[in-house]
Amino acid sequence: MTTAHDLHQEFEAPDALRDAIRCFWHTRREFHGPRFEIVPDGYAEIVFYFGSCCLDGKPLPSPFLMGLLNQPVVLSTDGRLDVIGVRCYPWTVFDLLGLPAGKDGLRVLEHPVAQLQERLQACVEAGRIEDAAGLLAQYFVRARPKALDSTLTKAGVAMLEASGAMPVSAVAAAAHATVRTLERKFKQSSGHTVKDVSGLMRFEQARNRLWTEPEASLAALAQELGYTDQSHLSREFKRYSGMTPSAFAAQKRRR
């Protein structure tokens, strides 16, 4: 992937949404190659796009839901692509949308929020990105459930604070729940286990560190992030990204 220029902005969610939404964001990229990868992380994203975006040669509808991934997804486009996203915690996104949970990574989103597409496009074309984020915030403040599951909220906060490096038993204790109850609620709310989500959070931390510090010691990083050893880090990193952490760091150094 080669870009002429990139623009990325993030906007904090209002207080009423911070237990469900991490942030709203906008990305603009000029592509001079048809393929680009979406790499897994610990969030689910509601994605609106403006331009062309295809999966396996077929145009994607906008918006779509990008759930938790266990490997990169390759999309194709050409020219300028603007994306407005809602970054959600995986244990809240389906309650927020009133949809049944699922493990499918990319889901067509047939939902009333899709009615915002034209208004968001008008904001993007006029350069009013903050107004676009405001429209989404207003929508979800009105639409969100009155109360989210307190067990999941407590568990999520503990996992985020530990960057995923917390045993399931410790997460359950932080949420004042049994392991069995917590796992059942996680599966119902996100379609994934606590271990699944924790693994993605930890991978995201490793990837972000190597992105900014490609010379970092992998052995030290593995210890810091709670992996058993460097080989454990390498296996998990390759599982989610398709390459080893040493190859990822070398690629970043070349760039």
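The existence of a salt bridge linking D19 and R144 is confirmed by a sub-4.0 Å separation between a basic side-chain nitrogen and an acidic carboxylate oxygen.
For residues 221-253, the ring pair (Phe, Tyr, Trp, His ring centres under 6.0 Å) pairs, not counting sequence neighbours, are F203-F237, F203-Y240, Y227-H232, F237-F248. Sorted by first and then second residue, the side-chain hydrogen bond (donor to acceptor under 3.5 Å, both in side chains) pairs involving residues 163-179 (not counting sequence neighbours) are T178-T181.
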For residues 127-139, run the donor-acceptor check on the side chains, cut-off 3.5 Å, and write out each pair with its distance to 0.1 Å, sequence neighbours left out.
| from | atom 1 | to | atom 2 | distance (Å) |
| --- | --- | --- | --- | --- |
| R128 | NH1 | D131 | OD2 | 3.0 |
| Y139 | OH | V113 | N | 3.4 |

Show the atom names and distances, to 0.1 Å, of all donor-acceptor pairs under 3.5 Å that link a side chain in residues 81-88 to residues at least two apart or in another chain.
| from | atom 1 | to | atom 2 | distance (Å) |
| --- | --- | --- | --- | --- |
| D82 | OD1 | H26 | NE2 | 2.7 |
| D82 | OD1 | R28 | NE | 2.8 |
| D82 | OD1 | R28 | NH2 | 3.2 |
| D82 | OD2 | R28 | NE | 3.3 |
| D82 | OD2 | R80 | NE | 3.3 |
| R87 | NE | E45 | OE2 | 2.9 |
| R87 | NH1 | E10 | OE2 | 3.2 |

For a quick test of your reading: what N or O donor-acceptor pairs under 3.5 Å do the side chains of residues 59-66 make, sequence neighbours left out?
| from | atom 1 | to | atom 2 | distance (Å) |
| --- | --- | --- | --- | --- |
| S62 | OG | Y49 | N | 2.9 |
| S62 | OG | Y49 | O | 3.4 |
| S62 | OG | Q117 | OE1 | 2.7 |
| S62 | OG | Q117 | NE2 | 3.4 |

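For the atom pair CD (E224) and OG (S217), the distance works out to 10.0 Å, reported to the nearest 0.5 Å. S190 OG to K185 NZ: the interatomic distance, rounded to the nearest 0.5 Å, is 13.5 Å. L210 CG to Q251 CD: the interatomic distance, rounded to the nearest 0.5 Å, is 11.5 Å. Here CG of N208 is found 8.5 Å from CG of D41. Values are rounded to the nearest 0.5 Å. Atoms CD and CG, on E37 and L75 in that order, are 9.5 Å from each other to the nearest 0.5 Å. Taken from CD in E236 to OG1 in T228, the straight-line distance is 9.0 Å, to the nearest 0.5 Å.
More than 12 heavy atoms of other residues, nucleotides or ligands lie within 6.0 Å of CZ in R253, so this atom counts as buried by the packing criterion.
Between R18 and E12 the shortest side-chain heavy-atom distance falls below 4.5 Å. With contacts defined as side-chain heavy-atom distances shorter than 4.5 Å, the pair M201/M159 qualifies.
The main-chain N or O of G67 is never found under 3.5 Å from a side-chain atom of R107 such that the two would form a donor-acceptor pair.
Side chains of T193 and D196: a donor-acceptor N/O pair is present below 3.5 angstrom, by distance only.
Follow the hydrophobic side-chain contacts under 4.5 Å out from F24 and you reach L96 in the same cluster.
Of all heavy-atom pairs spanning P40 and L69, the tightest one is CB-O, 3.4 Å. Between H192 and V197, the closest heavy-atom pair is CB-CG2, 4.2 Å.
Every side chain to side chain contact (heavy atoms under 4.5 Å, CB included) that T244 has, sequence neighbours left out, goes to K238, S246, A247.
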